[in-house]
Protein chains: 2
Amino acid sequence: MAVSIEGDLATSHRIAASLREEILSGQFAPGTRIRQEDIAEQFGASRSPVREALRMLDAEGLVTLVANTGAWIAQLSLTECEEMYQIRERVEPLLLNASMPNLTKEGLERLAILAQEMEANQDVETFLRLDREFHLLSYSGASTALLGDMVQRLWNTTQHYRRAYTRLLATNGFKTAHYEHHLLLAAITRGDAEDAERILYGHIRRTRLELAKHPEVFP
Amino acid sequence: MAVSIEGDLATSHRIAASLREEILSGQFAPGTRIRQEDIAEQFGASRSPVREALRMLDAEGLVTLVANTGAWIAQLSLTECEEMYQIRERVEPLLLNASMPNLTKEGLERLAILAQEMEANQDVETFLRLDREFHLLSYSGASTALLGDMVQRLWNTTQHYRRAYTRLLATNGFKTAHYEHHLLLAAITRGDAEDAERILYGHIRRTRLELAKHPEVFP
DNA sequence: TTGCCCGTAATTGGATCCAATATACCAATA
DNA sequence: TATTGGTATATTGGATCCAATTACGGGCAA
C-alpha cells in the first residue's frame with residue numbers, strides 16, 4: 001500500500017489527499033463546515049477540482065455532502081461507530097487470513113518492533129501511528145485490493161474517535177491492548193491463522209465495548 | 001430503503017441514478033467505455049454534472065475512473081468477485097442479525113411470498129429481482145444505515161456476474177438455493193438468529209463456490 | 001513486416017461565469 | 001415576546017470556454 005504524498009497527481013487528487021491528511025491528523029473536528037471557495041483559495045485552484053475532491057472524500061466517508069447545502073467533516077454517533085467496529089470484527093480477520101501466508105520475514109520483524117515500541121511509548125499521536133502501522137502491516141500480505149481498501153476506509157472513518165478515546169484512557173488502560181498485540185503477533189509468527197483470527201476478533205470487539213463506555217466523545 | 005426513481009433530484013444525482021439503473025439492468029457490459037460528452041448529450045446536460053455522477057458511481061464500484069483517461073463500466077475478475085462474496089459471507093449475517101428483531105409480520109409474509117414466487121418462476125431477470133428483494137427485505141429491519149449501504153454496494157458490484165451465472169445454470173440448478181431460502185425464512189420466522197446467520201453464511205458461501213466453477217463469465 | 005517517432009484529433013481536467021438554492025437577518029404582526 | 005414572512009446575501013450547482021493530457025494513425029527506419 002504505497003502512499004504517495006502530494007506527488008504529480010492531478011489537482012483534484014492532490015486536494016483530496018491533502019484534506020484527507022488534515023482530517024486524519026485531527027486538524028478538523030467532525031461537524032466542521034467546509035466551504036468550497038475556502039479550500040479552492042487555500043490551494044490556489046478553482047472550485048471545480050475542490051468539488052471533485054469533496055466527492056472523493058464523501059465516498060470514503062470522511063466528508064458528508066448534502067445537495068445544494070454544503071460539505072461537513074463527517075461525524076459518527078456512538079451507534080454508528082459501534083457499527084463500524086462490528087464490521088471490522090467480521091472483516092479484518094478475513095483480511096488477516098488472506099495476508100498471513102504472504103508475510104515476509106522482514107514484515108514479521110517489523111511487527112515485533114512495532115509491538116515493542118507501542119508498549120514503550122507514552123504519546124497519543126505516536127501510539128495511533130504505530131497501532132495503525134502494526135495492523136495495516138499485518139494485512140500487507142493480502143492481494144485483495146478491494147477488501148484492503150474497505151478496511152482502510154473503516155480505519156479512516158473511525159480515526160477521530162479512536163484518538164479521542166486514546167486520549168481519555170491515558171497510557172494505563174492499554175495493558176490489555178499490548179497483550180493482545182503480542183498474542184496476535186505470536187499467532188501470526190507461528191502461522192496459526194485460526195488463532196490469529198480469533199485474537200483479532202476479540203481485540204476489535206473489546207475495543208468496541210471499551211469505546212461504548214465513553215459516550216462523551218460522541219455528539 | 002426507499003428508491004426514488006428520477007424524482008426532483010439535482011441533475012448529477014439524476015444522471016447517476018439513471019446510469020446506475022442501466023448498469024444494474026445489464027444494458028452495459030463491464031469494460032464498456034463511457035465518454036462524458038455522450039452521457040451529457042443523452043441527458044441534455046453539460047459535462048459538469050456527468051463528471052460528478054461518474055465520481056459517485058466510481059465510489060460505488062460500478063464505474064472505474066482513470067485520471068486523464070476516462071471511465072469504464074466496472075469489471076471484476078473471478079478472484080475479485082470471490083473476494084466480494086467472502087466479504088458478504090461475513091457481513092450479511094451481521095446485518096440480518098440486526099434486522100431480525102424489527103421485522104414486521106407483513107415483512108415476514110412478503111418474504112414467504114417471495115420465496116414461493118422464486119421457486120415457481122423460470123425467468124432469469126425475474127429471479128434476480130425476486131432474490132434481491134428477498135434478501136434486502138430480510139435486512140430492512142436493521143437501522144444500521146452504513147452497513148446497509150455497504151451490503152447494497154456489494155450486491156450492486158456483483159450483479160452482472162450473478163446474472164451471467166444465473167443464465168448459465170438455467171432453472172434446474174437452483175433447487176439448493178430454494179431450499180436455503182425456505183430454511184432461512186423459517187429461522188427468521190421463529191426468531192432464531194444464530195441459525196439464520198449460519199444458513200445465510202452457507203448460502204452465500206455455496207454460491208461463491210458454484211460461481212468459481214464458471215470462470216467463463218469473467219474476463 | 002515490425003517497431004518507433006511525431007503530429008493531429010479526441011477526450012478529459014480546470015477556470016470562469018451565470019443560475020438556482022439555501023441560509024440569515026430584519027421587519028411586521030399576532 | 002414569539003413567530004411568521006420576505007428580502008438580501010452567501011453558497012452551491014451547472015454551462016461554457018480554454019488548457020492539458022492521452023490516444024490514434026501515418027510515415028520512417030531497421
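None of the values given here were measured: they were computed from a predicted structure. Values below: every heavy atom of this structure, side chains too, minus hydrogens, waters and symmetry copies.
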B:E89 bridged to B:R206 by N-O distance under 4.0 Å |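 No salt bridge links B:E89 with B:R206.
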
Is B:E210 salt-bridged to B:K213, going by a charged N under 4.0 Å from an acidic O?
->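 Answer for the salt bridge query: yes.
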
Euclidean distance, atom CZ of residue B:R47 to atom P of C:dT11 [Å, nearest integer] |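 Result: 10 Å.
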
C:dT11 P sits how many Å from B:R35 CZ, rounded?
->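 It works out to 5 Å between those atoms.
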
Residue whose closest nucleotide on DNA chain C lies nearer the 5' end, A:G44 versus A:N68 =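 Its nucleotide being nearer the 5' end, the pick is A:G44.
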
Earlier contact from the 5' end, DNA chain C, for B:R33 and B:R51 =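 Its nearest nucleotide lies further toward 5', so the answer is B:R33.
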
Considering every strand and a 4.0 Å limit on heavy-atom distances, what is the contact class for [X]: base, sugar-phosphate, or nothing?
| X | result |
| --- | --- |
| B:S48 | base |
| A:A71 | nothing |
| B:I34 | sugar-phosphate |

Can you say whether the rings of A:H181 and A:H203 are parallel (under 30°), tilted (30 to 60°) or perpendicular (over 60°)?
->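 If you compare the ring of A:H181 with that of A:H203, the planes turn out perpendicular.
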
5'-most contact on DNA chain D: B:W72 or B:E52, nearest heavy atom basis?
->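 On the 5' side of the pair lies B:E52.
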
Exam field: side chain B:Q159 to backbone B:L24, donor-acceptor pair closer than 3.5 Å =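 Pair found, side chain donor or acceptor close to backbone of B:L24.
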
Over all heavy atoms of both residues, which pair between B:A59 and A:A59 is shortest? Give the atoms and the distance, please.
->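 What the structure gives for the nearest pair is CB-CB, 3.0 Å.
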
Of the options A:L95, A:T144, A:L147, which is the one that meets B:I87 in a side-chain contact (heavy atoms from CB on, under 4.5 Å)?
->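 Answer after filtering A:L95, A:T144, A:L147: A:L147.
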
Check every nucleotide of DNA chain D for an atom under 4.0 Å from a heavy-atom of chain A, then give the first and the last such nucleotide from 5' to 3'.
->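 From 5' to 3', the first and last contacting nucleotides are D:dT11 to D:dG14.
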
